[in-house]
Amino acid sequence: MRRPRPLVVHVVGARPNYMKIAPVYAALEESGGVDQQLIHTGQHYDAALNGVFFAELPLPRPHVTLAVGSGSHGLQTARALEWLEQTFIQLQPDLVVVPGDVNSTLAGALAAAKLQIPVCHVESGLRSFDFSMPEEQNRKLADALSTLLLTHSEDANDNLRAEGIPDGYVAFVGNTMIDTLLDNVDAARELAACEMLGLERHGYLLVTLHRPALVDDPALLMRTLNALEEVAHEIPIVFPMHPRTRQRIESVAHLNGGMKIVDSLPYRTFLSLEEAAAGVITDSGGVQEETTALNVPCFTLRANTERPVTITHGTNTLLGLDPERLLEIPALLGKYRTNGGPPLWDGCAGERAASQIERLLEVGLPAAA
């Protein structure tokens, strides 16, 4: 028996996925032309923050929660693939939407493709050109499996075209994660999280570091901590620390108290610290985008970035994987410049994405870019 409305299933596995999918889900819900279900694979799950997180975003609690958990990349992807396939067979969706580049992204795209279910990839076309990165593998493979590829920057369109993906499969809709940021930034500013930590607006640096290339290399991590401690003598530093990062740090060093170390934070609390910071030090792709939208200087401690638009049109400086360059940051804070912001990072990307999804379901063909 045919359903009265198409069913769209969204697969998420990590916190950043929620910020990317929430505006799409909300726009489709408002339009009312489809039924939707949200599947959380359980790749990353923070029980302490979960309730707060759902309260801050226009998303329901997941209709289906899987218990993929942690493990090696292969094990995690395999578990998600197996359990998502079973879930898709049960739900029979008309379209599977996968955001970002985590292992659950690839598993969702592959499970759907094997069952001949069309796939929409939100945030398609990002490339670091470093195929040793698990995220790069996931991005490229998910794009190759997708019927509708929604991009957030013009360089992403260029990357897909260079890989031979027809333009008719690609739609430049803008950055859905920035929709979420713009919807929450006023409430985040009212929290004044920096004041609760005894910090002044624009008087501190915010740090977030988590990538294995940095935190799993003891010598590199030690150099990074030493540089941060030295910078903290010139300007206060607050470092919300992921449990995995904290574990790695405690295995190589004893922090001497030069930085304010706090636990992982809810979305709006972190955003409150981010928008009020003098600058942000990160290895996170999402933070590079958020700081560009907030017009906050960003210093990325990585050898490459899949988001060059944050350099050409934003506030991002790529330091390389060179911790000693962190010592340059106090002098650079007053010299950064912005280039007007990327096109279509305007708070309406979710609506454009939803329109493309509805057209795909209506006509059965990829929407034109």
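The basis for the numbers below is simple: all heavy atoms, side chains too, and nothing from hydrogens, waters or symmetry mates.
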Counterpart residues, side-chain contact (heavy atoms from CB on, under 4.5 Å), relative to Ile261 (two or more places apart) = Phe239, Met241, Arg246, Leu255, Met259
Residues forming a side-chain contact (heavy atoms from CB on, under 4.5 Å) with Thr151, sequence neighbours excluded = Ser124, Ala156, Asn157, Leu160, Val170, Phe172
Kindly write out the residues that satisfy side-chain contact (heavy atoms from CB on, under 4.5 Å) with Asp183, not counting sequence neighbours, or none if the list is empty.
-> none
For Val24 and Ala353, the nearest pair of non-hydrogen atoms, with its separation, is CG2-CB, 4.0 Å
Under 4.5 Å between side-chain heavy atoms, hopping through other hydrophobics if needed: is there a path connecting Leu145 to Ile357?
-> no
Is the side chain of Gln36 donor-acceptor paired with the backbone N or O of Tyr25 at a distance under 3.5 Å, no angle test?
-> yes
Report yes if some heavy atom in the side chain of Leu294 is under 4.5 Å from a heavy atom in the side chain of Thr292; otherwise report no.
-> no
From Leu84 atom CG to Thr77 atom OG1, the distance as rounded to the nearest 0.5 Å | 10.5 Å
Worked check of side chain to side chain contact (heavy atoms under 4.5 Å, CB included) between Val97 and Val11 = CA-CA 6 Å; Val97 181; Val11 176; over 6 Å; no
So, do Leu206 and Pro240 sit near enough that their side-chain heavy atoms are less than 4.5 Å apart?
-> yes
Any side-chain heavy atom of Phe270 within less than 4.5 Å of one from Ser272?
-> no
Do Trp345 and His313 touch side chain to side chain, with heavy atoms closer than 4.5 Å?
-> no
So how far is it from Arg248 CZ to Leu225 CG, rounded to the nearest 0.5 Å?
-> 13.5 Å
Could you check Leu150 against Glu123 for side chain to side chain contact (heavy atoms under 4.5 Å, CB included), going step by step and ending with a plain yes or no?
-> CA-CA 6 Å; Leu150 302 179; Glu123 199 183 70; over 6 Å; no
Identify, with sequence neighbours excluded, every residue that meets salt bridge (Lys or Arg N to Asp or Glu O under 4.0 Å) alongside Asp158.
-> Arg161
Return the minimal non-hydrogen interatomic distance between Pro6 and Leu361, and the atom names on each side.
-> CB-CD1, 4.1 Å
Please list all pairs passing the salt bridge (Lys or Arg N to Asp or Glu O under 4.0 Å) test where one or both residues lie in residues 95-104, with sequence neighbours left out.
-> Asp101-Arg139
Roughly how far, to the nearest 0.5 Å, is CD of Glu154 from OG1 of Thr312?
-> 9.5 Å
Any idea which heavy atoms bring Glu136 and Phe129 closest together, and the distance?
-> OE2-N, 3.1 Å
Is any side-chain heavy atom of Thr180 less than 4.5 Å from a side-chain heavy atom of Leu57?
-> yes
Please assess Asp130 against Ser128 for the test side-chain hydrogen bond (donor to acceptor under 3.5 Å, both in side chains), listing each intermediate value before the final yes or no.
-> CA-CA 5 Å; Asp130 178 2; Ser128 68; 5.3 Å; no
Could you tell me which residues satisfy salt bridge (Lys or Arg N to Asp or Glu O under 4.0 Å) with Glu324, sequence neighbours excluded, listed by chain and number?
-> Arg223
If you group Ile, Leu, Val, Met, Phe, Trp and Tyr by side-chain heavy-atom gaps below 4.5 Å, do Met196 and Val262 land in one group?
-> no
Arg302 and Asn304 side chains, donor-acceptor separation under 3.5 Å = yes
Please list every donor-acceptor pair under 3.5 Å in which a side-chain atom of residues 276-289 meets a protein atom from a residue at least two apart or in another chain.
unit_1, atom_1, unit_2, atom_2, d
Thr282, OG1, Thr208, O, 3.3
Thr282, OG1, Ser284, N, 2.9
Asp283, OD1, His210, N, 3.1
Asp283, OD1, His210, ND1, 3.2
Asp283, OD2, His210, N, 3.1
Asp283, OD2, Arg211, N, 2.9
Ser284, OG, Gly286, N, 3.3
Ser284, OG, Val287, N, 3.2
Gln288, OE1, Thr305, OG1, 2.7
Gln288, OE1, Asn316, ND2, 3.0
Gln288, NE2, Ser284, O, 3.2
Glu289, OE1, Asn175, ND2, 3.1
Glu289, OE2, His152, NE2, 2.6
Glu289, OE2, Arg307, NE, 2.6

Among all residues two or more places apart in sequence or in another chain, which pass the salt bridge (Lys or Arg N to Asp or Glu O under 4.0 Å) test with Glu200?
-> none
So which heavy atom on Gly100 is nearest to which on Asn17, and how close?
-> CA-ND2, 4.3 Å
Inter- and intrachain pairs under ring-ring contact (aromatic ring centres under 6.0 Å, His included), touching residues 56-105, at least two apart = none
Tyr267 and Asn184: side chain to side chain contact (heavy atoms under 4.5 Å, CB included), yes or no, with the steps?
-> CA-CA 9 Å; Tyr267 174 62; Asn184 284 272; 3.8 Å; yes
Within a strict 4.5 Å, meaning less than it, do heavy atoms of the Ser146 and Tyr169 side chains meet?
-> no
Hey, could you give me the CZ/CD distance between Phe299 and Glu328, rounded to the nearest 0.5 Å?
-> 9.5 Å
Salt bridge Arg189-Asp186, side-chain N to carboxylate O under 4.0 Å = yes
Under 6.0 Å from the CD atom of Gln247, do we count more than 12 heavy atoms belonging to anything else shown?
-> no
Please determine if Arg201 and Glu275 form a salt bridge, counting it only when a charged side-chain N lies under 4.0 Å from a carboxylate O.
-> yes
Kindly say whether Ala349 contributes a backbone atom to a donor-acceptor pair with the side chain of Asp179 at under 3.5 angstrom?
-> yes
Drop me the distance from Leu333's CG to Glu234's CD, to the nearest 0.5 angstrom.
-> 9.5 Å
If we ignore angles and hydrogens, is there a donor and acceptor under 3.5 Å between the side chains of His10 and Gln37?
-> no
Quick one: do Arg359 and Glu362 satisfy salt bridge (charged side-chain N to carboxylate O under 4.0 Å, His left out)? Show the steps, please.
-> CA-CA 5 Å; Arg359 181 174 177 181; Glu362 180 182 351; over 6 Å; no
Which residues pass the side-chain contact (heavy atoms from CB on, under 4.5 Å) test with Pro308, sequence neighbours left out?
-> Asp155
Return the minimal non-hydrogen interatomic distance between Ala27 and Ala354, and the atom names on each side.
-> CB-CB, 3.6 Å
Indicate yes or no: at least one non-hydrogen side-chain atom of Glu290 is less than 4.5 angstrom from one of Met177.
-> yes
Residues that Asp346 engages under salt bridge (Lys or Arg N to Asp or Glu O under 4.0 Å), provided they are two or more places apart | Arg352
Is any NZ, NE, NH1 or NH2 atom of the basic residue among Arg127 and Glu163 found under 4.0 Å from an Asp or Glu carboxylate oxygen of the other?
-> yes
Does any pair with a residue in residues 22-42 pass salt bridge (Lys or Arg N to Asp or Glu O under 4.0 Å), and if so which ones, sequence neighbours excluded?
-> Arg5-Asp35
CD on Gln76 to CG on Asn103, rounded to 0.5 Å | 5.0 Å
Does the side chain of Ile89 reach to within under 4.5 Å of the side chain of Leu115, using non-hydrogen atoms?
-> yes
